[in-house]
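I have placed the structure first, in the form of structure tokens, so that the comments after it can refer back to it.
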Amino acid sequence: MAKAITKRSENYSQWYNDIVKVADLAEYSQVRGCMVIKPYGYAIWEKIKDQLDKMFKETEHVNAYFPLFIPKSFFNREAQHVEGFAKECAVVTHYRLKVDDESKKIVVDDDAKLEEELIVRPTSETIIWDSYKNWIQSYRDLPILVNQWANVVRWEMRTRLFLRTAEFLWQEGHTAHATKEEAMEEAMKMINVYRTFAEEWMALPVYSGHKTENERFAGAINTYSIEAMMQDGKALQAGTSHFLGQNFSKAFDVKFLNKEGKLEYVWATSWGVSTRLIGALIMAHSDDNGLVLPPKLAPLHVVIVPVYRKPEQLEEITKTVNEKILPGLREKGITVKYDDDDKYKPGYKFNEYEVKGVPVRLTIGIRDIENGRVEVVRRDTLEKNFYPLDNIADTVEKLLNDIQNGIFKKAKDFRDSHTHKVSNFDEFKEVVNNGGFALAYWDGTTETELKIKEETKATIRVIPFDIDQNKTKGKKDVYSGKDAKYKVIFAKAY
RNA sequence: CGGGGUGUAGCGCAGCCCGGUUAGCGCGCUACGUUCGGGACGUAGAGGUCGUGAGUUCGAAUCUCACCACCCCGACCA
């Protein structure tokens, strides 16, 4: 065993690191906290990106691109926003290097100091709203429904591949609207897009709902979030959508003339998901044998491994594969690789594709051709079966569907069985400490929320949309014992 | 920023305490041969500014000082 994977039960976070490594998704670079996303990891990001981009366009959004650098002064405009990001900004102070006369080494040229420092964007609200000021004069200019695919930098203290890196890739939608209602609707629409994407494409069941005031995005009036459960029972915030009210339009003085001829401030939203989704994918579905990917996001759906001894045998297998397998699969839009590389043995290949989470493997040898069959292995269950060569494309197509649905169900069953209603604080602590979501009543105060966090490290992940909050009457807060306002999900989070 | 740790071949490490010829080991890599239905084996080989700088010494991977970088555990975060 050249590539050992730590078992989840032994050390969950080491297991995660091992998966990233053996599946060849990413590695740390020479730059602190920054990762190199390797081709296979990037291919997954491209699948995510392509589908989301399609969904954004279906909801009438367009893409644009804004600068990487933001003048420092822009951050002064929105007080809460600065406060949220100031502590983790990379700052550009100079624009030139020179060779030092004495040491002969490259040094920063002190003569090339910037008049005003530039901040490497931690998020783009400020620079975008500065532009929107010029774009918007009339209600006829609204709405603006723009998305940007970009990288951002947040100088985090502690980083983890995909989950929290100093630089990460994401998309950020920034919309401007004439009315409050329309903006609120937009924020809700986009959290639902995220939810659909998570559940239908990532096979990742999520709870969606409001964030509490304390957990809100810096500068937002309201933040919606989708929260997923990882296999250690911890929560991962997988996507957020914010109703920003008029905070940014006021900060950047973006007004429009309405139909009545009156000047009004514009209403805003922003929403984003990042390469963190790849971390979610890994931690939700993978097992001790390696990565497990939902077929809809797998860069490669099917790999075909030939088994042979002599060149003539390989030739015969190749002929069969080319004639009877590849065309049918490709016709169905299934991505397939025939790995006839003679440098590696079948056993090596089996493991290679298994750790990389390729959903379906076909193994074919001379014996199989004689019997008109092929061995089919599904990655999620590792089940092996022989199927007739004849309608193999249909078989594989159905199998891919089964896997997509199967891993969603598995993840949902896991989440549901680790989500518990708790009626007192002892139960609460037990659920949260054992890894799980606690459904509990909350009195609605930040004070209680913070005390619970201090004692248990659990936070309110979300005030779920699909819980009728009117039914909290007569219920008591799980910690304070005061009258409950909401029924919420508490958990330890990444 | 507080606490701990590590820098030696592409990767993972030993050697350092107690200085001494040519700096080792495993994996990986290259060539050839035998293998090939779950990570094959043999033989031969290539690969090193011992993190950087200064000092002690006849002699430094090893001792001293400074610096740099990274990792782990906390507080903060998508």
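The figures that follow rest on heavy atoms only: side chains count, while hydrogens, waters and symmetry mates do not. Numbers restart at 1 for each chain; the letters A, B, ... are given by sequence-line order, proteins then strands.
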Between [M] and [N] - [atom1] atom distance, rounded Å:
N: B/rA54; M: B/rA14; atom1: P; answer: 28 Å
N: B/rG5; M: B/rC65; atom1: P; answer: 15 Å
N: B/rA69; M: B/rA46; atom1: C1'; answer: 30 Å
N: B/rG2; M: B/rA23; atom1: C1'; answer: 38 Å
N: B/rC27; M: B/rC72; atom1: P; answer: 28 Å
N: B/rU57; M: B/rG12; atom1: C1'; answer: 34 Å
N: B/rG20; M: B/rC63; atom1: P; answer: 11 Å
N: B/rC25; M: B/rC67; atom1: P; answer: 37 Å

Rounded off to whole Å, could you give me the [atom1]-to-[atom2] distance for the [X] and [N] pair?
X: A/Trp45; N: B/rA78; atom1: CH2; atom2: C1'; answer: 11 Å
X: A/Leu281; N: B/rA78; atom1: CG; atom2: P; answer: 20 Å
X: A/Trp170; N: B/rA78; atom1: CH2; atom2: P; answer: 10 Å
X: A/His81; N: B/rC77; atom1: NE2; atom2: P; answer: 15 Å
X: A/Lys343; N: B/rU30; atom1: NZ; atom2: P; answer: 9 Å
X: A/Arg164; N: B/rC76; atom1: CZ; atom2: P; answer: 11 Å
X: A/Glu315; N: B/rC36; atom1: CD; atom2: P; answer: 20 Å
X: A/Trp155; N: B/rA78; atom1: CH2; atom2: C1'; answer: 17 Å

Does either side chain, that of A/Asp341 or that of A/Tyr348, offer a donor lying less than 3.5 Å from an acceptor on the other one?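 No pair is found: no donor N or O on one side chain lies under 3.5 Å from an acceptor on the other.
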Could you say whether A/Ile364 or A/Gly239 is positioned toward the 5' end of RNA chain B, judged by the nucleotide with the nearest heavy atom to each?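 Looking at RNA chain B, the more 5' nearest nucleotide goes with A/Ile364.
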Pick the closest RNA chain B nucleotide for A/Asn17 and for A/Glu215 by heavy atoms, then say which residue is nearer the 5' end.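 By nearest-heavy-atom nucleotide position, the 5'-most residue is A/Asn17.
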What does [X] touch in the nucleic acid at a heavy-atom separation under 4.0 angstrom: a base, only the sugar-phosphate, or nothing?
X: A/Phe168; answer: base
X: A/Ser13; answer: nothing
X: A/Thr240; answer: nothing
X: A/Arg361; answer: base
X: A/Asp368; answer: base
X: A/Leu236; answer: nothing

For [N], give its Watson-Crick or G-U wobble partner with both distances under 3.5 Å, or none.
N: B/rG55; answer: B/rC63
N: B/rA44; answer: B/rU30
N: B/rG7; answer: B/rC68
N: B/rG2; answer: B/rC73
N: B/rC16; answer: none

Could you check, using the six-membered ring where one of them is a Trp, whether A/His242 and A/Tyr224 have ring centers closer than 6.0 angstrom?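 No, the ring centres sit 6.0 Å or more apart.
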Rounded distance [0.5 Å steps], CZ in A/Arg195 versus CZ in A/Phe465: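 These two atoms lie 9.0 Å from each other.
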Among [options], the one nearest [X] by side-chain distance:
X: A/Gln237; options: B/rC36, B/rA78, B/rG38; result: B/rA78
X: A/Lys453; options: B/rG37, B/rC11, B/rC77; result: B/rC77
X: A/Lys21; options: B/rA78, B/rC11, B/rG37; result: B/rC11
X: A/Glu156; options: B/rG38, B/rG37, B/rA78; result: B/rA78
X: A/Arg154; options: B/rG38, B/rA78, B/rG37; result: B/rA78
X: A/Glu375; options: B/rC77, B/rG38, B/rG37; result: B/rG37
X: A/Thr363; options: B/rA78, B/rC36, B/rG37; result: B/rG37
X: A/Val355; options: B/rG39, B/rG37, B/rC77; result: B/rG39

Quick one: does A/Tyr12's side chain have a donor or acceptor within less than 3.5 Å of a partner on A/Met283's backbone?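 Pair found, side chain donor or acceptor close to backbone of A/Met283.
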So does A/Ala150 get a backbone contact from the side chain of A/Arg121, meaning a donor-acceptor N/O pair under 3.5 Å?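 The answer is no, because no donor-acceptor pair under 3.5 Å joins these two groups.
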For a quick check, tell me whether the side chain of A/Lys384 and the base of B/rG38 share a donor-acceptor pair closer than 3.5 Å.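 Pair found.
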With a distance cut-off below 6.0 Å to the six-membered ring centre and an angular limit of 45° from the axis, does [X] pair with [Y] as a cation-pi contact?
X: A/Lys356; Y: A/Tyr40; value: yes
X: A/Arg361; Y: A/Tyr353; value: no
X: A/Arg415; Y: A/Tyr207; value: yes

Are A/Lys345 and B/rG37 close enough that a side-chain N or O sits under 4.0 Å from OP1 or OP2?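 Yes, A/Lys345 has a side-chain N/O under 4.0 Å of OP1/OP2 on B/rG37.
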